[in-house]
Asks: 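Take a look at the following structure, please.
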Amino acid sequence: MLKRTSEFVIEACIKLSGLAVIIFVVAIFIFLLKDALSLFGVHSINDFLFGKKWLPISEPAKFGVIPLLLGSLYVTVGAIVICVPLGVCSAMFIAEVAPSHLKHVLKSLVEILAAIPSVVLGFIGIVWLGPFLRNTLNLSTGMCGLTGSLLLAFMALPTVISISEDALIGVPKAFKEAAFGLGATRWQTLWRIVLPSASSGIIAAVMLGIGRVIGETMVVMMVTGNSPVIPTSLLQPLRTLTATIAGEMGETVAGSEHYFALFAVGLILFIITFIINFIADICLRKARK
Amino acid sequence: MNVAKIREKVAFTILGLITLLVVIPILLTIFYVVKNGAGAVSWEFLTQPPRAGMKQGGIFPAIVGTILLIIGTMLFSLPLGILSAIYLVEYAKDNLFTRLIKLSVVNLSGIPSIVYGLFGFTLFVVILRFGTSILAGSLTLAIMSLPVIITATKEALESVPFSFREISLSLGASRWQTIRYCVLPYAIPGILTGTVLSLSRAAGETAPILFTVAAFYLPRLPHSIFDQVMALPYHLYVISTQVPNMPMKLSFATGLVLIGLVFLMNLVSIILRAHYRKKKLW
Amino acid sequence: MVAEVVIKTVDLHCSFGSTAAMRDLNLDIYKNEILGIIGPANSGKTTFLRALNRLNYLSASYSQTGDIIFEGKNIKQITDRLLRKKIGIIFALPQVLPVSIFHNIAYGPKVHGLTKKNNAAAIVEKSLKKAYLWDEVKDRLDLPANRLSGGQQQRLCIARTLAVEPDVILYDEPCSGLDPISTAKVEDTMQELKKDYTQILVTNNTKQAARVTQRCGFFLMGELVEIEETETLFTKPKDKRTDDYITGRFG
């Protein structure tokens with residue numbers, strides 16, 4: 001009967017592991033919420049959400065999240081505008097045009113890009129891309145939103161390409177054959193039949209790309225100049241939500257207002273990415289049907 | 001050639017050029033790091049601690065730290081990830097609990113790495129009093145790696161033919177026996193591939209270890225899991241942003257070693273995949 | 001002499017989701033007979049078979065009312081483990097595990113704790129002999145099972161089922177993927193097993209049912225139309241639908 005007992009134990013472990021996954025998400029949310037609420041005890045939630053100044057060490061300290069939120073928004077929009085067209089077009093080429101050996105090479109290259117740690121790309125932003133942009137665009141500093149957007153676009157490409165490609169490949173063959181049967185060229189079929197049929201998968205790719213970009217920390221901390229002011233253009237230094245946490249956490253005292261404010265920023269990030277991933281998941285499920 | 005054909009040619013050429021535009025920077029990035037860093041990667045660089053305010057010497061403690069973190073992450077995330085995937089594929093009924101787990105996996109995979117850092121700091125460093133330590137860092141990275149491991153394991157389990165389970169159950173085997181003898185052995189390759197891949201991601205992450213384990217400068221090696229360590233990605237961050245007049249070639253060399261380590265792990269995963277695909281028995 | 005009833009179904013009603021697959025089945029199965037079940041596709045044959053060892057419950061949408069009495073006991077009171085050990089099944093396509101011949105057969109005894117290391121070989125040999133496969137494979141028990149021919153694989157499946165010492169063997173169209181020679185071998189095996197086992201053969205092939213079985217039932221759209229001595233069913237069916245089916249007018 002020893003066997004039965006060990007079986008009971010292992011099955012209990014399996015069920016507990018399933019439960020653990022839920023617990024982690026809930027725990028992350030609760031820890032963020034708890035500390036964020038501690039901030040709102042001393043600091044009005046309105047000042048946090050709509051305050052236009054982030055001055056954590058001035059007297060009195062100001063914790064307005066708007067500059068950071070706009071910083072993230074600017075960089076993200078910039079990155080997505082660059083990344084999505086490039087990514088979707090590459091996915092179209094890889095999925096429908098490239099001969100199979102080339103397809104293999106291209107996919108491997110995209111996987112290589114996915115494997116490069118973000119801190120390495122941040123480093124390249126510092127030593128090459130930033131100075132390059134400063135000289136060519138004649139900027140006062142290369143450490144600005146645009147540098148961040150370009151690197152983030154680059155980083156998000158593997159996500160956008162691989163998920164779009166899956167979506168394009170997932171379009172039923174019958175659709176294509178029907179179009180060919182009517183005398184359409186491969187391009188017409190791709191553009192008018194395959195691409196629209198893959199739309200929910202491509203939307204999912206875009207959403208996941210956005211999620212990747214918004215959540216990225218090291219690159220933006222290293223190259224966007226870290227200036228927590230309301231940005232007016234991508235050519236200025238700015239600062240994102242993620243970079244704020246990473247950059248300031250080390251200087252705070254646990255239990256201080258500033259410390260709690262950073263958790264409130266974390267909570268905002270959690271909620272944003274939750275919504276984005278939720279939408280992406282719905283789109284992916286739709287695409288699979 | 002008619003108009004439609006010409007249009008197709010033009011369109012495909014444009015798509016091809018865009019793909020080139022995407023692919024060439026990837027090659028250039030690698031080339032750039034290799035060209036500038038390769039000269040400084042020597043046996044001494046790999047086996048010596050940094051000296052003179054990190055402007056001389058090697059990166060040995062950071063390499064050791066990263067490897068320890070990879071091992072620690074694996075110890076926690078592998079059993080947990082595999083067991084929860086087994087639950088989802090083999091046990092879960094279509095009910096609220098299952099849907100909550102699936103939603104949680106989706107959610108975990110989207111949480112920014114810096115938020116994991118915050119969470120790891122509060123829970124492991126502060127509340128559980130592990131301090132800034134290998135233990136706290138590994139646990140943080142492990143939770144972050146969970147969704148990838150779960151997804152890979154799920155796919156691997158689902159790719160095992162249903163008939164194997166049916167045979168086993170029809171002979172009167174229990175559910176766990178069926179999983180243990182007729183499902184897991186055939187899913188192991190897929191699980192390994194996914195795990196190695198997710199660990200290579202964890203190895204390159206900086207944000208989650210910022211406040212949970214990483215040491216700015218610590219030339220000695222750790223004595224216990226409650227020690228801090230240096231780690232390659234954090235070290236690269238430090239020397240490229242916090243150390244003035246850092247010799248460039250050392251930064252490049254650090255980046256090259258980090259990329260090398262990550263690629264090596266990816267390579268292992270690719271080889272595993274190819275090896276088992278050849279041996280695939282059904 | 002009245003034959004002993006091994007399995008008895010009482011008002012058995014099976015459905016997948018809202019679709020009924022088997023309606024109000026009342027059927028007795030006697031010891032050591034080979035009972036044939038014929039009928040067109042989707043007539044509920046397979047559902048009936050898989051209800052007997054509760055394999056239907058592997059699909060989440062399955063539900064069932066009524067009772068199945070096995071050796072005098074309602075199967076609700078028997079664990080899956082024991083029930084499936086006692087009632088083995090052979091699937092339509094030969095389904096072997098991707099391991100050696102030896103381990104395919106030793107697997108069942110292993111999970112039931114029947115093998116102490118020394119007698120696994122004995123069980124394997126005995127089972128293979130009973131399934132008339134021993135002479136063909138005795139020198140290559142380490143060969144991966146999927147290298148055998150289809151017919152050999154199907155007899156391997158029979159041997160695998162025999163290895164856990166069942167009382168009843170269910171066959172779900174066991175020869176549908178096999179050539180005539182392999183089919184004949186499987187049928188011969190079934191005849192040999194008659195003295196020790198009760199067997200139920202579901203088949204699309206009416207000729208096979210006529211060759212192999214003693215009694216035969218005709219299923220149509222989830223109902224048992226009639227059940228007779230095989231000879232009677234094929235020569236003087238009572239129901240016109242049975243007559244239409246066996247003479248090939250539909251199905």
Asks: Let me know if A/T217 has heavy atoms under 4.5 Å from chain B in its side chain, its backbone, both or neither.
Replies: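 Contact with chain B is through the side chain of A/T217 alone.
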
Asks: If you tally heavy-atom pairs under 4.5 Å against chain A, which of B/I143, B/I86, B/I14 wins?
Replies: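 Going by pairs under 4.5 Å, I would pick B/I143.
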
Asks: Where on A/I272 is there a heavy atom nearer than 4.5 Å to chain B: the side chain, the backbone, both, or neither?
Replies: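 Neither the backbone nor the side chain of A/I272 comes within 4.5 Å of chain B.
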
Asks: Between B/S84 and A/S17, do the side chains contain a donor N or O and an acceptor N or O under 3.5 Å apart?
Replies: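 Short answer, no.
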
Asks: Answer with side chain, backbone, both or neither: which region of A/L121 has an atom nearer than 4.5 Å to a non-hydrogen atom of chain B?
Replies: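 Only the side chain of A/L121 comes within 4.5 Å of chain B.
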
Asks: Would A/F154 and B/I26 count as a side-chain contact (heavy atoms from CB on, under 4.5 Å) here? Give the steps.
Replies: CA-CA 9 Å; A/F154 194 44; B/I26 303 175; 3.9 Å; yes

Asks: Under 3.5 Å, is there a donor-acceptor pair linking the side chains of A/S118 and A/E216?
Replies: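 Yes - a donor-acceptor pair under 3.5 Å links their side chains.
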
Asks: Is it the side chain or the backbone of A/L267 that comes within 4.5 Å of chain B heavy atoms, both, or neither?
Replies: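 No part of A/L267 comes within 4.5 Å of chain B.
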
Asks: Can you tell me which of B/G16, B/S200, B/P79 forms the most heavy-atom pairs within a distance under 4.5 Å of chain A?
Replies: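 The residue among B/G16, B/S200, B/P79 with the greatest pair count is B/G16.
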
Asks: What part of A/W191 is in contact with chain B, defined as an atom under 4.5 angstrom from a non-hydrogen atom: side chain, backbone, both or neither?
Replies: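 Neither part.
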
Asks: At a 4.5 Å cut-off on heavy atoms, which part of A/I126 comes close to chain B: side chain, backbone, both, or neither?
Replies: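 Just the side chain, heavy atoms under 4.5 Å.
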
Asks: Considering only heavy atoms, which portion of A/A280 lies under 4.5 Å from any heavy atom of chain B: side chain, backbone, both, or neither?
Replies: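 No part of it gets close to chain B.
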
Asks: Report which part of A/Y259 has an atom under 4.5 Å of a heavy atom belonging to chain B: side chain, backbone, both, or neither.
Replies: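 The side chain, not the backbone.
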
Asks: Which atoms of A/V21 come close to chain B, meaning under 4.5 Å heavy atom to heavy atom: side chain ones, backbone ones, both, or neither?
Replies: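 The answer is both parts of A/V21.
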
Asks: Enumerate by number any residue of residues 106-116 of chain B whose heavy atoms lie under 4.5 Å from heavy atoms of chain A; in the absence of such residues, state 'none'.
Replies: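 Counting heavy atoms that sit under 4.5 Å from chain A, the residues of residues 106-116 of chain B involved are B/V106, B/N107, B/L108, B/S109, B/G110, B/I111, B/P112, B/S113, B/I114, B/V115, B/Y116.
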
Asks: Give, as side chain, backbone, both or neither, the part of A/L32 having an atom under 4.5 angstrom from any heavy atom of chain B.
Replies: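 Just the side chain, heavy atoms under 4.5 Å.
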
Asks: With a 4.5 angstrom heavy-atom cut-off, could you sort out which part of A/L157 is near chain B: side chain, backbone, both or neither?
Replies: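 Side chain only.
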
